[in-house]
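Side chains are part of it too, since the values below use all heavy atoms of this structure and drop only hydrogens, waters and symmetry mates. Letters A, B, ... are given to chains in the order of the sequence lines, protein chains preceding strands, and every chain is numbered from 1.
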Protein chains: 2
Amino acid sequence: MRTHQAVSAWLEQELAAGRLAIGSRLPGERAMAEQLGISRASVREGTRVLEALGVVRAGVGSGPQAGTVITGNPALALDSALRLHVASAHLPVRDVVETRLLLETWAAAHASPDSPALARAALLLDEMDRHDDGPDGFLERDSLFHVALAEAAGNVLIGAMMGSLRGSIAAYTQRLTAGLPDWGATSDRLRREHRAILEAVLSGRGGTAAELVRSHIEGFYREAGVAQDASASPRQATLSPGMPEI
Amino acid sequence: MRTHQAVSAWLEQELAAGRLAIGSRLPGERAMAEQLGISRASVREGTRVLEALGVVRAGVGSGPQAGTVITGNPALALDSALRLHVASAHLPVRDVVETRLLLETWAAAHASPDSPALARAALLLDEMDRHDDGPDGFLERDSLFHVALAEAAGNVLIGAMMGSLRGSIAAYTQRLTAGLPDWGATSDRLRREHRAILEAVLSGRGGTAAELVRSHIEGFYREAGVAQDASASPRQATLSPGMPEI
DNA sequence: CTACGGTGTGTGGTCCTACCACACAAGCTA
DNA sequence: TAGCTTGTGTGGTAGGACCACACACCGTAG
């Protein structure tokens, strides 16, 4: 077993034993090095991994923001992992889109009408109406809107996945919108669809909401010229040399 | 931006530009340190992160297994991340089970009847019949069987998620089986259900397969005493002090 | 000429030490 | 009393040293 893994192994033990929980502060790097009988460099490698996985957050100085604190941010791990794997073309964009479709229709069908996340979603739609700052700003809010829907379904894991999935193909989506013939018309249509989806969720018509989401997403990709269904989108779109970096 | 992130940033650029791909070998740590203008310690921290995310694999010595090589193993990232987040109780077991149900029914519905993964699945079922090495061996093969189904659906991402989801709650499942009144009877039933699922997939009846998978999974949790549906399983089951470590 | 064995070289793995920037807290000073 | 200085502990980074490993090369013995 590699030395730096002693840190995550130790943390897992402490968590299981209930001696540590989210919000707890880990011992200082020097202290932990001595405690685990390894060098500080190894401790640091271990904490870097935990940080990348979204398990801890490290901060310098002193005070509440300082030290290494246990957080709970699964999205962080998914985020960076998906980005890199999509970039390496090991993860086809097609698979990501397909998965997104699956998770998102599920979320729409299971979203609780009285979830506070829906209020946030409504605010986002208002913002999208007020500000007309082009595709980029729109996509940003669009992404947040969809994530809010996922959260309304009350599943932390699916919410996190949703957000990361969006992030990992954000650049791809951006390129798609750039090729659109009439952004104004598309944006109008997307906004109308958003309203309809939200309304369906709020009135408890989950099945309808799921169907609306499906056609919303598939419609976008179809209009952007990625063939009829998601499963026909290019597998290697992100690997071609010269493409903007993901 | 933290220094060690220079490594993943650089890698992402190289991947996007097509100068690196899966299977490529990264420069040595010392060379990369000089090239990026950072210390070797920082390079190592960055590499550790990439390794944890399943993007690269590091090996000592020389030869084909040596050096830092770009791999493509999204499951690795999901695996460790989910384990720790479940351990920290930030990720309720309930959410994991729910997600598993979603992904798995989808996979069963979309599995291609002529996928080579199904042959592997069949072999696993044979093994489960031949060897009767108690719940542990059974669960191991059971897990592989379900992952094989996911792979037959042809979505790398969902396959990886499936596997990691199983892994993250493996210890939990193990405890459930331990509390079962009659393992022999349960195991017989599960095996019959497996056969039925595989048969449905092989004959192209995706909808049937999905329904069988759903009742297969829900039935198991019900029998194990976790209320009627997955969404009622305990949220904190893995955090209780004294429980076996996850 | 062939087969064996030592050695060279480059790899990641680990450790140690030193120094830096930061942020708060305590204490001193005007 | 208000403000500044200093102290202390934190993570962040750098550089150097040594180790174990695994292959490739080359000299030597047969």
Side-chain angles (χ1 to χ4, degrees), chain A residues 1-11 14 20-73 76-77 80 84, chain B residues 1-11 14 20-73 76-77 80 84:
Chain A
M1 191 193 206
R2 305 252 233 97
T3 308
H4 73 267
Q5 294 177 334
V7 179
S8 52
W10 172 82
L11 177 60
E14 297 296 297
L20 288 179
I22 290 185
S24 305
R25 184 130 91 243
L26 268 56
E29 295 182 347
R30 294 155 180 91
M32 201 180 314
E34 192 175 4
Q35 183 177 334
L36 297 177
I38 61 182
S39 76
R40 193 183 158 207
S42 296
V43 170
R44 284 184 58 77
E45 289 185 16
T47 51
R48 270 310 75 68
V49 170
L50 293 176
E51 201 177 11
L53 295 178
V55 178
V56 304
R57 172 186 53 73
V60 292
S62 69
Q65 294 301 317
T68 306
V69 181
I70 303 181
T71 65
N73 190 356
L76 215 157
S80 32
L84 281 162
Chain B
M1 192 193 206
R2 304 251 236 97
T3 307
H4 73 267
Q5 295 177 333
V7 178
S8 52
W10 171 83
L11 177 61
E14 297 297 297
L20 289 179
I22 290 186
S24 305
R25 186 131 92 241
L26 267 56
E29 294 181 347
R30 295 158 179 88
M32 200 178 314
E34 192 176 3
Q35 182 177 333
L36 298 177
I38 61 182
S39 75
R40 193 183 161 207
S42 296
V43 170
R44 285 184 59 77
E45 288 185 16
T47 314
R48 275 304 78 68
V49 170
L50 293 176
E51 200 177 13
L53 295 178
V55 178
V56 305
R57 174 186 52 72
V60 292
S62 70
Q65 294 301 315
T68 306
V69 181
I70 303 182
T71 64
N73 189 357
L76 215 156
S80 33
L84 281 161

>> Side chains of B:Leu50 and A:Leu84, heavy atoms from C-beta outward: is any pair under 4.5 Å?
In response: yes

> Roughly, in whole Å, what's the span from CZ in A:Arg57 to C1' in D:dG12?
Replying inline: 16 Å

>> Applying salt bridge (Lys or Arg N to Asp or Glu O under 4.0 Å) to A:Arg48 and A:Glu45, what does each step give before you reach the verdict?
In response: CA-CA 5 Å; A:Arg48 270 310 75 68; A:Glu45 289 185 16; over 6 Å; no

> Roughly, in whole Å, what's the span from CG in B:Leu26 to C1' in C:dG12?
Replying inline: 13 Å

>> Can you measure A:Arg30 atom CZ to C:dC19 atom P for me and round it to whole angstrom units?
In response: 13 Å

>> Heavy atoms only, 4.0 Å cut-off, all strands: where does B:Arg48 land among base, sugar-phosphate and nothing?
In response: sugar-phosphate

> For the base of C:dG12, is there a side-chain donor-acceptor partner from A:Arg2 under 3.5 Å away?
Replying inline: no

> Which distance, rounded to the nearest 0.5 Å, do you find between the CZ of B:Arg25 and the OG1 of B:Thr68?
Replying inline: 9.0 Å

> Rounding to a whole Å, what distance do you find between A:Glu29:CD and C:dT17:C1'?
Replying inline: 15 Å

> Taking only N and O in the side chain of A:Ser39, is any of them less than 4.0 Å away from OP1 or OP2 of C:dC16?
Replying inline: no

>> For a quick test of reading the model, state the closest non-hydrogen atom pair linking B:Ser39 to B:Ala33 and the distance between them.
In response: C-CB, 3.9 Å

> Can you tell me how far P of D:dG15 sits from CZ of A:Arg40, to the nearest Å?
Replying inline: 16 Å

>> Nearest 0.5 Å, please: how far is CZ in B:Arg57 from CD in B:Gln65?
In response: 5.0 Å

> Atom CD of A:Glu34 and atom C1' of C:dC15: how far apart are they, to the nearest Å?
Replying inline: 15 Å

>> Whether A:Arg44 contacts D:dG11 is assessed here as follows: a side-chain N or O lying under 4.0 Å from the phosphate OP1 or OP2. Is that the case?
In response: no

> Quick one: CZ on B:Arg2 to CD1 on B:Ile38, what's the gap to the nearest 0.5 Å?
Replying inline: 12.5 Å

>> Rounded to whole Å, please give me the gap between CE in A:Met1 and C1' in D:dA20.
In response: 20 Å

> Near DNA chain C, under 4.0 Å by heavy atom, which residues of residues 60-72 of chain A?
Replying inline: A:Gly61, A:Ser62, A:Gly63

> Nearest-Å distance, CD (A:Glu45) to P (D:dG11)?
Replying inline: 16 Å

> Got a second to check how far A:Leu53's CG is from B:Leu53's CG, nearest 0.5 Å?
Replying inline: 6.5 Å

